[in-house]
Amino acid sequence: MPDRSLSEAVHRLMHAYTHLLREGIRKQQIELPVTHIRVLKGICRNRKATAQSIAKRMQRDKAQITRALNDLIEASLIVKADNPLDRRSQLLKPTPKGRKVMAQIDAVEEWAVEQLTAKLRSDELTLFLRISQTMADSAEQIANAEEGES
């Protein structure tokens, strides 16, 4: 049976990372809710992003994602474009302002990772990445298997 301290360690790490991200976002004066930041990231990192693909990736209701998209459009951070592959949907693209905000978010994430890994040697970081990726892959396989059952 796995040691219960693993659960505590994972929880503490997630909390520490989230705290650092929020602190960095505050310092960069990015005034977007977390959901909006996640949606913008999804759009910036996927050239074929649609409302449906973002909702699926984030495991959120499409109506909730649509509200965030409307806010991002109103803030001039994204635009909609015709989807040549599917006339029923629209591609979502960042504006220059959206790419600038995304660059700030990338810098915040890089800073947070630097804070978390500052006391790790290169070989320790490599081992952590391998182990955490294996754990995440295992969880994903379980989720995909359960999804296939429904």
Side-chain angles (χ1 to χ4, degrees), residues 1-28 30-73 77-78 80-81 83-94 98-99 101-150:
M1 179 169 162
D3 187 344
R4 283 227 183 271
S5 64
L6 176 62
S7 176
E8 180 64 21
V10 170
H11 178 78
R12 286 185 62 219
L13 180 59
M14 287 178 12
H15 180 74
Y17 183 64
T18 301
H19 174 76
L20 287 169
L21 288 177
R22 286 193 174 129
E23 180 64 19
I25 287 166
R26 185 189 63 75
K27 286 180 180 178
Q28 288 284 333
I30 299 169
E31 297 193 19
L32 290 173
V34 172
T35 301
H36 291 51
I37 290 171
R38 290 184 64 212
V39 169
L40 181 61
K41 283 175 61 173
I43 293 166
C44 289
R45 295 191 173 139
N46 178 3
R47 293 179 187 254
K48 297 178 182 176
T50 63
Q52 186 64 38
S53 71
I54 297 293
K56 183 176 180 181
R57 179 181 162 273
M58 290 180 60
Q59 299 177 340
R60 296 283 187 254
D61 179 67
K62 190 173 174 219
Q64 182 182 15
I65 297 305
T66 299
R67 286 189 293 277
L69 292 173
N70 289 338
D71 290 346
L72 292 172
I73 289 168
L77 297 174
I78 65 167
K80 291 181 180 180
N83 185 347
L85 301 177
D86 182 357
R87 298 173 94 170
R88 297 169 294 163
S89 69
Q90 294 180 308
L91 295 176
L92 304 165
K93 307 230 179 248
R99 284 191 288 278
V101 171
M102 191 66 238
Q104 289 178 288
I105 293 166
D106 286 340
V108 166
E109 288 180 344
E110 187 175 320
W111 172 80
V113 168
E114 286 172 1
Q115 303 311 301
L116 290 174
T117 61
K119 295 182 181 180
L120 294 178
R121 297 185 320 260
S122 176
D123 61 320
E124 291 173 325
L125 183 56
T126 299
L127 180 60
F128 171 78
L129 290 172
R130 185 173 57 78
I131 291 170
S132 60
Q133 188 63 52
T134 300
M135 293 170 74
D137 289 347
S138 294
E140 194 173 287
Q141 286 174 349
I142 291 167
N144 288 341
E146 289 174 355
E147 202 174 272
E149 292 173 4
S150 29

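Any value given below was found using the heavy atoms of this structure, including those in side chains, with hydrogens, waters and symmetry copies removed.
For CZ of Arg99, the number of neighbouring non-hydrogen atoms (other residues, nucleotides, ligands) closer than 6.0 Å is greater than 12. Other residues, nucleotides and ligands contribute over 12 non-hydrogen atoms within 6.0 Å of the CD atom of Glu114.
Applying the salt bridge (Lys or Arg N to Asp or Glu O under 4.0 Å) rule to Arg45 yields the partners Asp106, Glu109; only residues at least two apart in sequence or on another chain are considered. Every residue two or more places apart in sequence or in another chain that forms a side-chain contact (heavy atoms from CB on, under 4.5 Å) with Ile30 is listed here: Ile25, Gln28, Leu32, Ile37, Val101, Gln104, Ile105. Here Arg87 pairs with nothing under the side-chain contact (heavy atoms from CB on, under 4.5 Å) rule; sequence neighbours left out. Every residue was checked against the side-chain contact (heavy atoms from CB on, under 4.5 Å) condition with Arg57, not counting sequence neighbours, and none meets it. Residues that satisfy the salt bridge (Lys or Arg N to Asp or Glu O under 4.0 Å) test with Asp86, not counting sequence neighbours, are Arg88. Residues meeting the side-chain hydrogen bond (donor to acceptor under 3.5 Å, both in side chains) test with Arg26, sequence neighbours left out: Glu23. Under the rule for a side-chain contact (heavy atoms from CB on, under 4.5 Å), Lys56 has no partner lying at least two apart in sequence or in another chain. Checked against side-chain hydrogen bond (donor to acceptor under 3.5 Å, both in side chains), Gln64 has no partners two or more places apart in sequence or in another chain. Applying the side-chain hydrogen bond (donor to acceptor under 3.5 Å, both in side chains) criterion to Gln90, with sequence neighbours excluded, gives no partner residue. Residues forming a salt bridge (Lys or Arg N to Asp or Glu O under 4.0 Å) with Asp137 (at least two apart in sequence, or on another chain): none. Applying the side-chain hydrogen bond (donor to acceptor under 3.5 Å, both in side chains) criterion to Asn46, with sequence neighbours excluded, gives no partner residue.
We find the CG-CD distance between Asn144 and Glu140 to be 5.5 Å, quoted to the nearest 0.5 Å. For the atom pair CG (Leu92) and CG (Leu72), the distance works out to 9.5 Å, reported to the nearest 0.5 Å. In this structure, NZ in Lys48 is found 11.0 Å from OG in Ser53, a value given to the nearest 0.5 Å. If you take CG on Asn83 and OG1 on Thr50, they are separated by 7.5 Å, rounding to the nearest 0.5 Å. Ser5 contributes atom OG, which lies 14.0 Å from atom NE2 of His11 (distance to the nearest 0.5 angstrom). Between the CG atom in Leu13 and the OG1 atom in Thr18 there is a gap of 9.0 Å [rounded to 0.5 Å].
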What side-chain donor-acceptor pairs closer than 3.5 Å can you find for residues 121-129, not counting sequence neighbours?
from, atom 1, to, atom 2, distance (Å)
Arg121, NE, Asp123, OD1, 3.0
Arg121, NH1, Glu124, OE2, 3.3
Arg121, NH2, Asp123, OD2, 3.1
Glu124, OE1, Arg121, N, 2.8
Thr126, OG1, Ser122, O, 3.0

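With a 4.5 Å cut-off on side-chain heavy atoms, Met135 and Leu6 count as touching. With a 4.5 Å cut-off on side-chain heavy atoms, Met58 and Thr35 count as touching. With contacts defined as side-chain heavy-atom distances shorter than 4.5 Å, the pair Ile73/Lys80 qualifies. Between Arg38 and Arg60, some side-chain heavy-atom pair lies under the 4.5 Å cut-off. Pro84 places a side-chain heavy atom less than 4.5 Å from the side chain of Leu91. Residues Thr117 and Leu120 form a side-chain contact, since some pair of their non-hydrogen atoms from C-beta on lies under 4.5 Å apart.
Between Gly98 and Cys44, the shortest heavy-atom contact is O-SG, 4.5 Å. When every heavy atom of Gly42 is checked against every heavy atom of Ile54, the shortest pair comes out as C-CD1, 3.6 Å. Across Ala112 and Tyr17, no two heavy atoms sit closer than the pair CB-CE1, 3.9 Å.
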Evaluation steps, side-chain contact (heavy atoms from CB on, under 4.5 Å), between Thr66 and Asp61: CA-CA 9 Å; Thr66 299; Asp61 179 67; over 6 Å; no

